[in-house]
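Note that the coordinates shown come from a computational prediction; the quantities given were computed from them, not determined experimentally.
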Amino acid sequence: MIIMALDHIRDFFHVDAARFAPDDPTQATVLLFFTRWITHFCAPVFVFLAGTSAYLAMRRKDPSTVSRFLLTRGLWLVVVEMTLVELGVFFNLSYTYVIWQVIWAIGWSMVALSMLRKLPWGVLLAISLATIAGHNTLDALQPDQFGSFAWLWQILHVGFSAIQLGTNHTAMVIYPLVPWVAVMSAGYCFGRVMEAPDRRRLLLLIGTALTVSFFVVRGLNGYGDPSPWASQSDPVTTLLSFLRVTKYPPSLDFLLMTLGPAILALAALDTLSVGVRNPLLVFGRVPLFYYITHWFTLHAVALLFAWSRYGRADFLFGLPPSVLPFSTGYPADYGYDMRTVYLVWMGVVATLYPLCLWFEGVKRRRPSVWLSYL
C-alpha cells in the first residue's frame, strides 16, 4: 500500500510521466523503470490476499454470512470507486471520464467469489489456475468481433479501453475482470496453505515454483505475454526489456513475476512480530480508508505545488496526461524531477499515518457492521 502511493504520485508529479511510459527500457532511466516496476506487485497482492482473507473468514464464521458480506462489500466497493475514488482522482464529479480501476475490479471479483466459493475446492483451484494460465489465448479477440456486446468484452478482457456511456461520458476500463476474478479465487484456494501447520515450507515451495516459472516462460519468449522481450544495446536495458510485462490485462508473465516473489515474501515475514503502532500494521488494518485518503492527499499536494509554481491549478481538476493522454490545460513544463516525487511520496505517507492510526482506533473501539465496510 505504501508502494502503491509512489506510483500514483509519480503519475501526478513526474516531469516525464506524460512523455513516455515509465517502463519503456529505451527511454526510462533505471530509477524510473524500477519506480514503476516495483508497484506492479501492489494490485496482484491486493486481489490475491483478498481472496485468502475471504477463505480464512469462511473458516471462522458462517459461510453464508461471509458470502453475503462478499456480495454486499463487493457492490459497495464498486459504488466507492464511482464516487469517493472518482472524486479523489479527478477533484470533480462531472463524470466526463469514469475510471474503472483496482477497487472496481476487487469489488466485482468479490461478487463473483461470493458465488464461486460454493464450488468444490479442487474444481475452483483448477478453474482459477486454468484462467490465469490460459487467458492470454483470448488476446486476439477484439471487441468489434462481439458486435453490440463489444462493451462487455472490454469489461471482461481488454485493458485500457474506452466505452462510451453517452454523448459526454466515457468509461475507461483499466482493470478488465476475467484475470482478476481468477486471481482472487486462486487466493481463496491459497487460504488452505495459510492454515497448514507447515505453511512456511509450502510458501517457500509455491513462491519458488512460481518465480522459476516466470523466468522459464518469459525466457522462452513465446506464450505468456503479448509483448516479447528483445536484446538491447547493453545488458541492463535487456534486463529491463525482460522485466517489462503487460499489466492491462495482467498477463501470465505479469502474475508469475509478482505473485511468486510476493509468496516468498510471505514466507520471510511469517514469523515477524511488530508493534501495534507499526505503520505497516496500521495501514493494513484500514486499507480502504488509506486508499481513498491517499488520493485526496496527493491530489491536494499537487494543487499546492501548481499554485506556488504557476499561480493556477485549474488543470489539476482532472486526470494528468500520464493517465489520460488528451488531458488539456497543462503547462508545457509541468512536472518535477524524481527527487521531488520521492519527497512528496514520503510526505504523503507520513501524513496518512496519524489519520489511519486514528481511524484504526475508531474501528477497534466501535465494532459495527458499517465500519467493517471501510
Side-chain angles (χ1 to χ4, degrees), residues 1-13 39 41-47 49-50 53-54 69-70 72-111 171-175 180 184 279-304 313 316-320 322-324 344-374:
M1 292 167 58
I2 293 172
I3 294 170
M4 171 198 66
L6 173 61
D7 192 44
H8 297 155
I9 289 166
R10 178 195 55 77
D11 273 329
F12 271 83
F13 282 85
T39 64
F41 287 82
C42 302
V45 174
F46 292 163
V47 178
L49 292 184
S53 297
F69 179 76
L70 285 171
T72 54
R73 184 144 200 259
L75 293 174
W76 166 240
L77 289 179
V78 174
V79 172
V80 167
E81 180 77 88
M82 301 283 287
T83 54
L84 292 175
V85 176
E86 181 85 4
L87 181 59
V89 172
F90 286 88
F91 269 18
N92 72 73
L93 286 176
S94 66
Y95 289 105
T96 303
Y97 294 97
V98 180
I99 307 296
W100 290 342
Q101 47 184 338
V102 66
I103 299 298
W104 181 84
I106 291 175
W108 286 119
S109 295
M110 283 184 170
V111 171
M172 303 293 294
V173 183
I174 310 298
Y175 283 75
W180 292 114
M184 183 174 288
L280 300 178
L281 194 60
V282 171
F283 292 149
R285 285 177 170 170
V286 289
L288 184 57
F289 180 82
Y290 173 97
Y291 184 84
I292 295 169
T293 308
H294 99 283
W295 279 116
F296 283 92
T297 305
L298 73 89
H299 207 155
V301 174
L303 286 175
L304 291 174
L316 277 166
F317 286 84
L319 282 174
S322 57
V323 180
L324 198 65
V344 171
W345 172 53
M346 289 185 283
V348 166
V349 172
T351 301
L352 292 174
Y353 175 72
L355 295 173
C356 291
L357 182 63
W358 164 78
F359 189 69
E360 188 271 336
V362 171
K363 291 188 69 174
R364 179 166 29 83
R365 292 188 301 271
R366 303 177 184 175
S368 65
V369 173
W370 76 269
L371 281 176
S372 68
Y373 284 81
L374 295 173

Specify the closest pair of heavy atoms between [X] and [Y], including all atoms of both residues, with the distance to one decimal.
X	Y	answer
Ala302	Phe12	CB-CD2, 4.4 Å
Met184	Met110	SD-N, 3.6 Å
Cys356	Val282	C-CG1, 3.7 Å
Phe90	Tyr97	CZ-O, 3.4 Å
Leu70	Ala54	CD2-CB, 4.0 Å

Separation of [Y] [atom2] from [X] [atom1] (nearest 0.5 Å):
X	Y	atom1	atom2	result
Thr297	Leu352	OG1	CG	4.5 Å
Leu6	Met346	CG	CE	10.0 Å
His294	Ile9	NE2	CD1	7.0 Å
Met1	Leu280	CE	CG	10.0 Å
Phe46	Tyr291	CZ	OH	8.5 Å
Ile99	Glu86	CD1	CD	6.5 Å

Is there a side-chain contact between [X] and [Y] in this structure, where contact means two heavy atoms from C-beta onward sitting under 4.5 Å apart?
X	Y	answer
Val89	Gln101	yes
Ile106	Trp180	no
Trp295	Leu84	no
Trp345	Leu298	no

- For the side chain of His8 and the backbone of Ala5, is there at least one donor-acceptor N/O pair under 3.5 Å apart? no
- Item | Main-chain N/O of Leu316 paired with His299 side-chain donor or acceptor, under 3.5 Å | yes
- Going by the angle between their ring planes, with limits at 30° and 60°, are Trp100 and Trp104 parallel, tilted or perpendicular? parallel
- Query: How far apart are the C-alpha atoms of Phe91 and Leu303, what are their side-chain angles, what is the distance that settles it, and do they pass the side-chain contact (heavy atoms from CB on, under 4.5 Å) test?
  - Reply: CA-CA 10 Å; Phe91 269 18; Leu303 286 175; 3.2 Å; yes
- For Ile103 and Leu288, run side-chain contact (heavy atoms from CB on, under 4.5 Å): C-alpha distance rounded to whole Å, both residues' side-chain angles, the deciding distance at 0.1 Å, then the answer. CA-CA 9 Å; Ile103 299 298; Leu288 184 57; 4.3 Å; yes
- Item | Non-neighbouring partners of Phe283 that pass ring pair (Phe, Tyr, Trp, His ring centres under 6.0 Å), sequence neighbours left out | Tyr290
- Message: Once salt bridge (Lys or Arg N to Asp or Glu O under 4.0 Å) is applied, what residue pairs with a partner in residues 281-299 remain, sequence neighbours excluded?
- Response: Arg285-Glu360
- Task: Could you go through the side-chain contact (heavy atoms from CB on, under 4.5 Å) check for Asn92 and Leu87 one step at a time?
- Result: CA-CA 5 Å; Asn92 72 73; Leu87 181 59; 5.7 Å; no
- Message: Run Val301 and Phe13 through side-chain contact (heavy atoms from CB on, under 4.5 Å) and show every step you take.
- Response: CA-CA 10 Å; Val301 174; Phe13 282 85; 3.8 Å; yes
- Message: Please check if the number of heavy atoms outside Trp108 that lie under 6.0 Å from its CH2 is greater than 12.
- Response: no
